[in-house]
Protein chains: 2
Amino acid sequence: MSETAPRPTLEAVAARAGVSRATVSRVVNGGDGVREPLAARVRRAVDELGYVPNQAARSLVTKRHDAVAVVIAEPETRVFADPFFARQLRGISKELTAHDTQLVLLLTEGREDHARVGRYLAGGHVDGALVFSLHLDDPLPALIQRAGVPTVFGGRPGWSDGMREAAYVDSDNRGGARTAVRHLAGLGRRRIAHICGPLDQTSAADRLEGYRDVMDGGDPRLIAESDFTPAGGERALGELLDRVPDLDAVFAANDLTASGALRVLRARGLRVPEDIAVVGFDDMLPLAEQTDPPLTTVRQDIEGMGRLMARLLLRGPGTAPPGPTGLAGGTGGTGRSLVLPTELIRRASA
Amino acid sequence: MSETAPRPTLEAVAARAGVSRATVSRVVNGGDGVREPLAARVRRAVDELGYVPNQAARSLVTKRHDAVAVVIAEPETRVFADPFFARQLRGISKELTAHDTQLVLLLTEGREDHARVGRYLAGGHVDGALVFSLHLDDPLPALIQRAGVPTVFGGRPGWSDGMREAAYVDSDNRGGARTAVRHLAGLGRRRIAHICGPLDQTSAADRLEGYRDVMDGGDPRLIAESDFTPAGGERALGELLDRVPDLDAVFAANDLTASGALRVLRARGLRVPEDIAVVGFDDMLPLAEQTDPPLTTVRQDIEGMGRLMARLLLRGPGTAPPGPTGLAGGTGGTGRSLVLPTELIRRASA
DNA sequence: CTGAAAGCGCTAACAG
DNA sequence: CTGTTAGCGCTTTCAG
């Protein structure tokens, strides 16, 4: 990588404007306390020289970085296979931008990367961290806590130990699942199966709980564990159908899973929703509209979650959450945790 | 955002180990030139104190940041609607990680953000930039060039002016399109239409060129411009069908477009591929496998593009491109530009 | 209201 | 081989 051309320093601007460095600094940072004729001269010098403050120098003294890290820990290949993170990222980015804060993305592909991330966070590059850690046994959260950086988690963290006070933002997975299953029941369906996601992820576990809430605990023969992928959905529905041939509905833990299930149904000549009704979760577009038939599903405001995470981190405790948002337990940490409502989107599959 | 706890400094470590700051610095940065008994003492002090070097201070003197910016300029909502960027990001992240370099993500939602990005790049936070700028009239590239930061573009830049020497990595869009259309022709299809993408994007323009290469210039009535979305694909195919009712094949500029086209075909009762064969571009999964029928399409190695972009930026001119990669014109800048080969994936739609 | 001076934490000559 | 000495570019008291 070739060298970056040397940029003008505060010194240079000061010289050109015929003032001291301190004065230039004042003008550059808001300009209060400098009288007009002078300030204008400084601004002109800044423009002429194309001066841009050196952030490293600034951080060194202010101890602020105007940057937050987004840590996405997902060993599996699936990480970006669905637009889920991407959408949250977008929400985060919008909110950070509004606060003139940079987004530093830290992707970890496996445990080897954890040390690197820990070092980075501890290295004082950022003012805080937004962390997506999906698995129960993930060592990352502990590592991050040790780094002593303010943190907000995306999705309810699953470790019971010292993490109780972690701030997080999540969708109402359990409530959404209940809505989905109730919808199916309301359609007159009786043998409602559930294809759940990997239970070491709280979102999957919570959706399963929601299903059980409505199904009175749920017959184990009606539940198959899967992995949030289309292929997994195919396999799981196959099992379910073999076990309970007269199934009349299935609630899939996410849309990807549902799409796999749909494929199996079509292959076996079963009509949706006449023979079997299907409900997904996520409202992942364009997939959810593109399946045959289009998927009835539980929408969560993914971008909104991202935005809220950033807001929580930036504002710290204090400001009330905006708009129509449910509010949940949470405690200390960087403020309350937030649980966003979900919404059933009716299409043709149920 | 609450304050980060004060971290131990080099000074503290030095005191604890009973050596000078310089010695600690040496040990921390590779440790050459420090005799063993001492070095060990230093390392222990580092561990005990949990010392992590302050990057701001380090950058201030070294002028290096071990960080690269990824700039994604995409005003439309579509940005993250498809996993395209996500996949490239992943490739980039892998390569950067291997070089112990951080990824700083800069998303721009509109022109208002350009200034911010320019400032950031010029602010000397990063050693280089990886830029995705899709539109011909995008002012960002010029802005970036002014910032004087080494840059590699994702996708062939489209401005003819002073940008000629920009380094970039791209897929062989034109060649891939030729392959697709030849495949259709090889199937005996004669009235092959093309739904192209927005022509202010080089990828769309190049695919159109590839189509024309094979179609001998191409009958304008067989070409409809669209916008890389399913809805756009629907609309475009509708027009095409109205204009040329006896169409027997269509090459869509991407899989999203193709999926929309498929939907129209199904709605009109036309069989695929019997009545009309369809080929897409991207091999975007799971979509391409999930459509009905599964899509024949042109695969590009998206993650590989990302990896190569990072490599190009980091290694600068010099190291040869790895593996089975085509090599294209390119010039000065940060090294050669690279054009990666594409591959036709045959499924049921053509 | 403006300038002078100190120092953030670190690396890189330069001595010893 | 190790320690001493200067700054990197900026903000921030503290005087004037």
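Just so we're on the same page: letters track the sequence lines, and every chain starts at 1. The shown structure was predicted, so the numbers you read here are calculated from the model rather than taken from an experiment.
Every residue was checked against the side-chain hydrogen bond (donor to acceptor under 3.5 Å, both in side chains) condition with A:Ser93, not counting sequence neighbours, and none meets it. Listed by chain and number, the residues in a ring pair (Phe, Tyr, Trp, His ring centres under 6.0 Å) with B:His65 amount to none (sequence neighbours excluded). In terms of the side-chain contact (heavy atoms from CB on, under 4.5 Å) criterion, residue partners of A:Leu60 (sequence neighbours excluded) are, by chain and number, B:Asn54, B:Ala57, B:Leu60. Every residue two or more places apart in sequence or in another chain that forms a side-chain contact (heavy atoms from CB on, under 4.5 Å) with A:Arg21 is listed here: A:Leu10, A:Glu11, A:Ala14. Here B:Thr9 pairs with nothing under the side-chain hydrogen bond (donor to acceptor under 3.5 Å, both in side chains) rule; sequence neighbours left out. Every residue meeting the side-chain contact (heavy atoms from CB on, under 4.5 Å) condition with A:Ala39, not counting sequence neighbours, appears here in chain and number order: A:Val27, A:Val34, A:Glu36, A:Arg43. Residues satisfying the side-chain hydrogen bond (donor to acceptor under 3.5 Å, both in side chains) criterion with A:Glu48, sequence neighbours excluded, are A:Arg16, A:Arg44. B:Arg41 pairs by the side-chain hydrogen bond (donor to acceptor under 3.5 Å, both in side chains) definition with nothing, not counting sequence neighbours. Every residue meeting the side-chain contact (heavy atoms from CB on, under 4.5 Å) condition with A:Arg116, not counting sequence neighbours, appears here in chain and number order: A:Asp113, A:Arg119, B:Thr97, B:Asp100, B:Gln102.
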N/O contacts under 3.5 Å, protein versus nucleotides 14-16 of chain D?
none

Sub-3.5 Å pairs of nitrogen or oxygen atoms, protein against nucleotides 8-10 of chain D:
unit_1, atom_1, unit_2, atom_2, d
D:dC8, O3', B:Lys63, NZ, 3.4
D:dG9, OP1, B:Lys63, NZ, 3.2
D:dG9, N2, A:Ala57, O, 3.3
D:dC10, OP1, A:Tyr51, OH, 2.5
D:dC10, OP1, A:Asn54, N, 3.2
D:dC10, OP2, A:Leu10, N, 2.4
D:dC10, N4, A:Arg21, NH2, 2.3

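Rounded to 10°, the angle separating the first-five-pair axis and the last-five-pair axis of the helix from C:dC1-D:dG16 to C:dG16-D:dC1 equals 40°.
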Inset, instruction - List the steps and the verdict of side chain to side chain contact (heavy atoms under 4.5 Å, CB included) for A:Phe132 and A:Val71. - result: CA-CA 6 Å; A:Phe132 296 90; A:Val71 183; over 6 Å; no
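Contact between the side-chain N/O atoms of A:Thr23 and the OP1/OP2 oxygens of C:dG3 is found at a separation under 4.0 Å.
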